[in-house]
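The basis for the numbers below is simple: all heavy atoms, side chains too, and nothing from hydrogens, waters or symmetry mates.
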Amino acid sequence: TEGLITLLAALARHLPEEPVPAVLRKAAVATAAIFRELSSDEAAPALPSAASAMCRALAAAVHATGVAAEAAAAGAGSGAVAAAAEATATADETRGAAIALLEALGAAAGAAA
């Protein structure tokens with residue numbers, strides 16, 4: 001249990017700073033898995049910082065998804081097909097990270113109940 005809480009704290013510090021959507025998604029999935037393994041009493045000390053970190057990371061991911069989607073639309077409109085495809089892929093990856101963060105928040109809420 002101590003190892004899981006230590007890992008959870010490290011992930012919480014890392015989540016808001018992670019610029020790579022695929023890595024952010026994996027970190028969020030790991031965070032959710034850890035919360036599912038902890039009892040309410042075990043999760044309680046880590047919950048405030050982890051939930052705050054997930055919310056900050058989620059806000060950044062949602063913003064990045066919007067930016068990537070706008071870039072995809074602009075690229076498609078200007079005929080820059082390769083740029084539009086890359087921006088679309090980035091938007092999809094970032095959306096996946098946002099979904100994983102929401103699932104992690106749900107797992108955290110479940111651990112707190």
Side-chain angles (χ1 to χ4, degrees):
T1 300
E2 247 180 73
L4 289 176
I5 292 172
T6 300
L7 182 56
L8 186 59
L11 285 167
R13 286 190 304 273
H14 181 72
L15 284 171
E17 315 268 325
E18 180 52 56
V20 179
V23 175
L24 178 59
R25 184 183 55 76
K26 289 177 184 179
V29 168
T31 300
I34 292 169
F35 270 117
R36 287 186 190 105
E37 292 298 319
L38 297 175
S39 71
S40 296
D41 290 341
E42 294 166 337
L47 190 57
S49 63
S52 175
M54 287 184 281
C55 288
R56 290 191 320 272
L58 180 59
V62 168
H63 175 73
T65 300
V67 169
E70 288 174 6
S78 68
V81 177
E86 183 177 330
T88 299
T90 300
D92 288 344
E93 287 179 9
T94 309
R95 184 174 39 247
I99 291 167
L101 284 162
L102 286 169
E103 290 171 352
L105 280 167

> Tell me, which pairs form a side-chain hydrogen bond (donor to acceptor under 3.5 Å, both in side chains) where one or both residues lie in residues 104-113, sequence neighbours left out?
Replying inline: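 Non-adjacent pairs meeting side-chain hydrogen bond (donor to acceptor under 3.5 Å, both in side chains): zero.
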Can you name the nearest heavy-atom pair linking [X] to [Y], along with the distance?
{"X": "Glu37", "Y": "Glu42", "answer": "O-OE1, 4.2 Å"}
{"X": "Ala12", "Y": "Ser49", "answer": "CB-O, 4.2 Å"}
{"X": "Ala111", "Y": "Ala43", "answer": "CB-CB, 3.8 Å"}
{"X": "Ala32", "Y": "Ala104", "answer": "CB-CA, 3.6 Å"}

> Which pairs with one or both residues in residues 12-21 pass salt bridge (Lys or Arg N to Asp or Glu O under 4.0 Å), sequence neighbours excluded?
Replying inline: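 As it turns out, there is no salt bridge (Lys or Arg N to Asp or Glu O under 4.0 Å) pair with a partner in residues 12-21 once direct neighbours are skipped.
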> Which pairs with one or both residues in residues 91-107 pass salt bridge (Lys or Arg N to Asp or Glu O under 4.0 Å), sequence neighbours excluded?
Replying inline: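 Counting only pairs at least two positions apart or across chains, the salt bridge (Lys or Arg N to Asp or Glu O under 4.0 Å) contacts touching residues 91-107 are Asp92-Arg95.
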> Got a sec, which residues hit side chain to side chain donor-acceptor pair (under 3.5 Å) with Ser40, two or more places apart in sequence or on another chain?
Replying inline: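 Not a single residue meets the side chain to side chain donor-acceptor pair (under 3.5 Å) criterion with Ser40.
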> Partners of Arg56 by side chain to side chain donor-acceptor pair (under 3.5 Å), sequence neighbours excluded?
Replying inline: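 Side chain to side chain donor-acceptor pair (under 3.5 Å) check on Arg56 returns Ser52.
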> Other hydrophobic cluster members with Met54, side-chain heavy atoms of Ile/Leu/Val/Met/Phe/Trp/Tyr under 4.5 Å, chained?
Replying inline: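 Reading the cluster by chain and number, Met54 sits alongside Leu4, Ile5, Leu7, Leu8, Leu11, Leu15, Leu24, Ile34, Phe35, Leu38, Leu47, Leu58, Val62, Leu101, Leu102, Leu105.
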> Taking atom CD1 of Ile99 and atom OG1 of Thr65, what is their separation to the nearest 0.5 Å?
Replying inline: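 Here the interatomic distance stands at 9.0 Å.
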